[in-house]
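Predicted, not measured: the structure shown is a model, and the values here were computed from it.
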Amino acid sequence: MPEPTSKTGTKSGGETRVLLGSFANAHGIRGEVQVRTYTGAPEAIATYGPLSDKSGARTFKLKVVRVTDKGIIARVEGIADRNAAETLKGIELYIERAKLPAASEGEYYHADLIGLRAVSPEGEEIGKIIAVANFGASDLLEIQLKGGTATEFVPFSDACVPHVDIAAGVATVVMPELVGGGEDEKEGE
């Protein structure tokens, strides 16, 4: 199953699509390409069938040649030489959300979290989840605060997000307290 991703796309018709990877570089002279993958197991990207570009206009069928520490080396149907492979660099690879398997209990696709209303444990509106980021430690929900454009990052942990109800479109969020930098620090001045 792919790991959740913070990037989603929408086809005309409102269908959510999930980013599974992107073409990095041509590899060798026979048309192979390096693919950065965002799936749990890098080679799993080829098991979902044809993937599409961001617009949904082009599709790509991948065959994994081998797994590397940077993703996979793949052959792409219809690409037979290095020149053709070089034209793919930077193209992102998407799949329709409906084609992905259901997430396990307590696991979520980032695409399913984006757009949820963020409410306090008391039910007060905090804002809306607009992105899921991971800067290396763990996932963070980016919440656009109610009534403005300001955003806050909240750790996606049981302590800060004790309940998620995808069907209801709501995530219960406990906003963390600021550590340091508050008015109380002025006492020693």
Side-chain angles (χ1 to χ4, degrees), residues 1-104 107-117 127-136 139-144 149 151 153 156 164 166-167 169 171:
M1 173 170 21
E3 292 176 359
T5 180
S6 58
K7 295 185 180 181
T8 60
T10 305
K11 263 186 165 174
S12 58
E15 188 173 282
T16 300
R17 296 175 330 118
V18 176
L19 177 66
L20 293 186
S22 63
F23 290 119
N25 298 303
H27 184 83
I29 60 170
R30 296 185 186 138
E32 295 174 351
V33 293
Q34 179 187 14
V35 180
R36 283 186 214 99
T37 65
Y38 309 123
T39 54
E43 65 275 13
I45 193 169
T47 65
Y48 295 101
L51 304 171
S52 67
D53 64 3
K54 190 170 189 171
S55 70
R58 291 179 68 187
T59 59
F60 307 93
K61 187 172 181 181
L62 305 180
K63 180 179 180 189
V64 176
V65 174
R66 70 178 169 281
V67 176
T68 72
D69 59 345
K70 295 181 180 180
I72 63 167
I73 302 299
R75 300 224 18 111
V76 181
E77 190 173 278
I79 303 296
D81 62 42
R82 184 175 185 86
N83 291 338
E86 286 174 346
T87 67
L88 300 176
K89 185 175 182 171
I91 295 175
E92 295 178 322
L93 301 168
Y94 288 85
I95 190 164
E96 296 166 8
R97 169 60 183 97
K99 290 184 178 179
L100 293 173
S104 300
E107 292 183 353
Y108 307 93
Y109 289 105
H110 290 192
D112 294 341
L113 296 171
I114 296 169
L116 294 182
R117 290 182 309 113
K128 177 178 156 182
I129 299 171
I130 61 169
V132 182
N134 188 316
F135 302 110
D139 287 336
L140 299 169
L141 301 180
E142 184 175 4
I143 299 173
Q144 182 174 12
T149 59
T151 63
F153 283 101
F156 190 40
V164 175
I166 300 291

Name all residues meeting the salt bridge (Lys or Arg N to Asp or Glu O under 4.0 Å) criterion together with R117; count only those two or more places apart in sequence or in a different chain, and write none if there are none.
E125

A57: partners by side-chain contact (heavy atoms from CB on, under 4.5 Å), with sequence neighbours left out
D53, S55

Closest heavy-atom pair, I166 versus D112, reported as atoms and distance to 0.1 Å, is CD1-O, 3.6 Å

Looking at CD1 of I72 and CG of L62, how far apart are the two atoms once the value is rounded to the nearest 0.5 Å?
5.5 Å

Quick one: does R58's side chain get under 4.5 Å of I91's, heavy atoms only?
yes

Value rounded to 0.5 Å, distance of CG in L93 from OG in S52:
8.0 Å

Specify the closest pair of heavy atoms between A85 and V33, including all atoms of both residues, with the distance to one decimal.
CB-CG1, 3.5 Å

Does the pair L20 and Y38 meet the rule for a side-chain contact (heavy atoms from CB on, under 4.5 Å), with working shown?
CA-CA 5 Å; L20 293 186; Y38 309 123; 5.8 Å; no

Residue pair A171 / I129: nearest heavy atoms and the distance that separates them
CB-CD1, 4.0 Å

side-chain contact (heavy atoms from CB on, under 4.5 Å) between L113 and D139, intermediate numbers included
CA-CA 12 Å; L113 296 171; D139 287 336; over 6 Å; no

CG-CD distance between N25 and E32, expressed to the nearest 0.5 angstrom:
13.5 Å

Return yes if some donor-acceptor pair links the side-chain N/O of R30 with the main-chain N/O of R75 below 3.5 Å, else return no.
no

NE2 on H27 to CZ on R66, rounded to 0.5 Å:
4.0 Å

Salt bridge (charged side-chain N to carboxylate O under 4.0 Å, His left out) contacts in which one or both residues fall within residues 77-91, not counting sequence neighbours:
R82-E86

Closest non-hydrogen atom pair between T16 and A111, with its separation:
CG2-CB, 4.2 Å

Mind checking the OG1-CD1 spacing from T151 to I143? Nearest 0.5 Å is all I need.
9.5 Å

Kindly indicate, with the supporting measurements, whether the criterion side-chain contact (heavy atoms from CB on, under 4.5 Å) is fulfilled by H110 and L19.
CA-CA 10 Å; H110 290 192; L19 177 66; over 6 Å; no

Non-hydrogen atoms of Y109 and P101 that approach each other most closely:
OH-O, 2.8 Å

Rounded to the nearest 0.5 angstrom, the CG-CG distance for N134 and L140 is 7.0 Å

Between L88 and F23, the two heavy atoms sitting closest are O-CB, 3.2 Å

Dump the intermediate steps for side-chain contact (heavy atoms from CB on, under 4.5 Å) on F156 and V132, then the final yes or no.
CA-CA 9 Å; F156 190 40; V132 182; 5.7 Å; no

